[in-house]
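Each chain gets a letter, A, B and so on, in the order its sequence line appears, and its residues count up from 1.
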Amino acid sequence: MKDCDKIRIKIGGESVEADAGATPLELLQSQNKKPDGVIAAKFNGQLVDLKQSLCENGDLEWLTPHDPEGKEILFHSTTHLMAQAVTELFPNAKLAIGPPIDEGFYYDFDVEKPFTPEDLEQIEERMKERSRDRISVERFTLSREEALDYYKKQNQPYKVELIEDFEDPSFSFYKQGQFIDMCRGPHVPDTGYLKHFKLLQNAGAYWRGDENRPMLQRIYGTAAGSKQELKDYLKKLEEAKERDHRRIGADLDLYSIHEAAGPGLIFWHPQGSRVRNTIETFWRDEHYKRGYELVYIPHLLRENLFQQSGHLENYKENMYSPMDIDGIDYYVKPMNCPGHILIFKTHLHSYRDLPIRYAELGTVYRYERSGTLHGLLRVRGFTQDDAHIFCRPDQLEDEINGVISLADFMMKAFGFEYEMYLATRPEKWMGTDEMWDHATSTLRGCLEKTGKPWKIDEGGGVFYGPKIDVKLFDALGRTWQGPTFQLDFNLPERFDVNYIDSDGEKKRVVMIHRTVLGSMERFMGNLIEHYKGAFPGWLSPVQTVVLPITDAQIPYAEDINKQLRAQNIRCDTDLRNEKIGYKIREAEARKIPVMLVAGKREIEEGTVSVRERGKRDLGVMSLEKAFEHIKTVTQIPKSDL
RNA sequence: GCCAACGUAGCUCAGCCGGUAGAGCAACGGUUUCGUAAACCGUAGGUCGGGGGUUCAAGUCCCCCCGUUGGCUCCA
């Protein structure tokens, strides 16, 4: 504590005088206007504990769980509370790390036996007790040596390792009761501030994410500033469950996975295939319009091709074992690029021929570890909406702009918001500085030109080139990896991919790998969750269903069905002997966009009663008008070209 | 692959300390012919994920395997 008498603190535009060494907590108590639930503060831009003495003039800002930083502090303090409970209940537990994460926190422990669900309940109970005890949380500092000494004596090897990895001369610690943890802080003043939390799950996690190191037991939890907010968050988790594409996929009969056939392999049912086909047709049409040529390549390729491409060198652990064909090894392709390059290389290309864009819905197979498989989102066989652009260096900018505009169109067509990232050179890389500089600045320029916000993913590029990643947001605000455009300096070298320039010289082409949907499987999974199964009209597997009220209207319903089908509308009838309410209930459950109800009156008038999914009865319309309405609802997004 | 939990009818789930399997919905048959989110009656449906073991007796206890789920790692 410095010795000075009075300091001036500015709080929310108001200036107050205080004794030097006053704490934010003291200042807070003397304030009449203050936000609810202050748990920490920011002093001159630095995060501070409410109990930290202030000895200089400055600006003070309150932090509550509603501020991103305040939330982080809440999570962090809660994870300390959890660690305290764990060390009380399991005195031999070794502490690893316990950081806040996006929507909660976790702490890794090394314990003799993994935690059981009952353990979690007990830990949560103990946390509540300790919260009621309102144990004061005190900060103190130890020198590097003292800290090492302390943790060695306490037999906490992970903490010792952490300290050894840092250069800092001293480390801050927080003490609450008997529990002490090394931590940068800040933290809440006492455990009474931590009231609303829930432990969510227990999972194994390798120490420092390294599978060669010990597996620790991780407990995940979340916390909130109020009971209601915690409830809301837990409700959101429930909602996410309702949107789960695996559940909806089964309910709507879209696809299945079979133990008998092998995990991670998708079987598309008729209803799912209708959606996928619609997307694929849309995709092909759009690519053709934008100057792509559609190609097909075999699924099985000879070993030497993958040697040349470098896949056997760099990607073998993701490839399936080869099969012997006439004494030669063949591999199922994990990527489409080598095949497209072979097509390109069947001719000598003039600079005038470029750019050449080969697109393919190319199915690839990759080995994924069993524990990572997840419905449609992580599978072992999938179809990429792949394309490779071969161009001259001076065309790079136009090509990237074209790809960005295509991706933008696609994302809008499917109703996704998105965010772009420029992934720059990673630690391991190939090529030259000039190549990387030129390529990276070109990508940056293209991003600037969009006028949309974008971010840098430092070192996130691939070893063979920089890339732009597009992350999309779904209806719940979750992000998914969407389109990705990668520049490749590697394959053109390996395959000697050239064009003849205007000066008659051979020049190396610039190659762009790009996908705008990712893979059909993953994209469909995202779409299902985004729309909760209620696809927009143009994608719906069934767009319209005709519902006769009694058997007497069956011929009329069948006639409407026939007319709509003739107009390429995916129409069904529900001719079962059920009441209309029942049929409507089921049509709603099947998420059919338009329902046409036909009874005695409609036959007499040559009309139909129209009902839209999620809305009520829209009233009676002439058939002509109803068809027009259906056409509007099922309109395929128009290209912006 | 590793850690944990789970696997019972098409789906959602019950089945206690071991005594030989149950509900709702769906399906199927019949009755009913009905106006905007569930008509009524009936019928059928299960190698309890697979294999082995303990036991007079295993859905239940033990072991191995497979799959699923949540994580770790990785990724379209």
query = When rounded to the nearest Å, what value does the distance between P atoms of B:A27 and B:C64 take?
reply = 43 Å

ask   = For the side chain of A:R522 and the base of B:C75, is some donor closer than 3.5 Å to an acceptor across the two?
value = yes

query = When all nucleic acid strands are considered with a 4.0 Å heavy-atom cut-off, which category describes A:I549: base, sugar-phosphate, or nothing?
reply = base

query = So, does the side chain of A:E259 form a donor-acceptor pair with the base of B:G7 at under 3.5 Å?
reply = no

request  = Provide the full list of salt bridge (Lys or Arg N to Asp or Glu O under 4.0 Å) pairs with a residue in residues 268-278 of chain A, sequence neighbours left out, each pair given once.
outcome  = A:R276-A:E280, A:R276-A:E521

ask   = Base, sugar-phosphate, or nothing for A:F115, non-hydrogen atoms under 4.0 angstrom?
value = nothing

Donor on one side chain, acceptor on other, A:H513 and A:Q486, under 3.5 Å = no

task = Check every strand shown and say whether A:T515 touches a base, only sugar-phosphate, or nothing at a heavy-atom separation below 4.0 Å.
result = nothing

task = Using the test ring-ring contact (aromatic ring centres under 6.0 Å, His included), find all partners of A:W207 that sit at least two apart in sequence or belong to another chain.
result = A:Y158

remark   = Read 5' to 3' with Watson-Crick or G-U pairs under 3.5 Å, [ ] for crossing pairs and | for partners on another strand, RNA chain B gives (((((((..((((.....[..)))).(((((.......))))).....(((((..]....))))))))))))....

ask   = Do A:T383 and A:T363 have side-chain N/O donor and acceptor atoms under 3.5 Å apart?
value = yes

inquiry  = I'd like to know if A:Y206 reaches the base of B:G1 with its side chain, counting only an N/O donor and acceptor under 3.5 Å.
reply    = yes

message = Under a plain distance cut-off of 3.5 Å, with no hydrogens placed, do A:E602 and A:T607 share a side-chain donor-acceptor pair?
response = no

inquiry  = So A:G371, base contact, sugar-phosphate only, or nothing? Heavy-atom distance under 4.0 Å.
reply    = base

task = Compare side-chain N and O positions of A:R611 against OP1 and OP2 of B:A37 and report whether any pair is under 4.0 Å apart.
result = yes

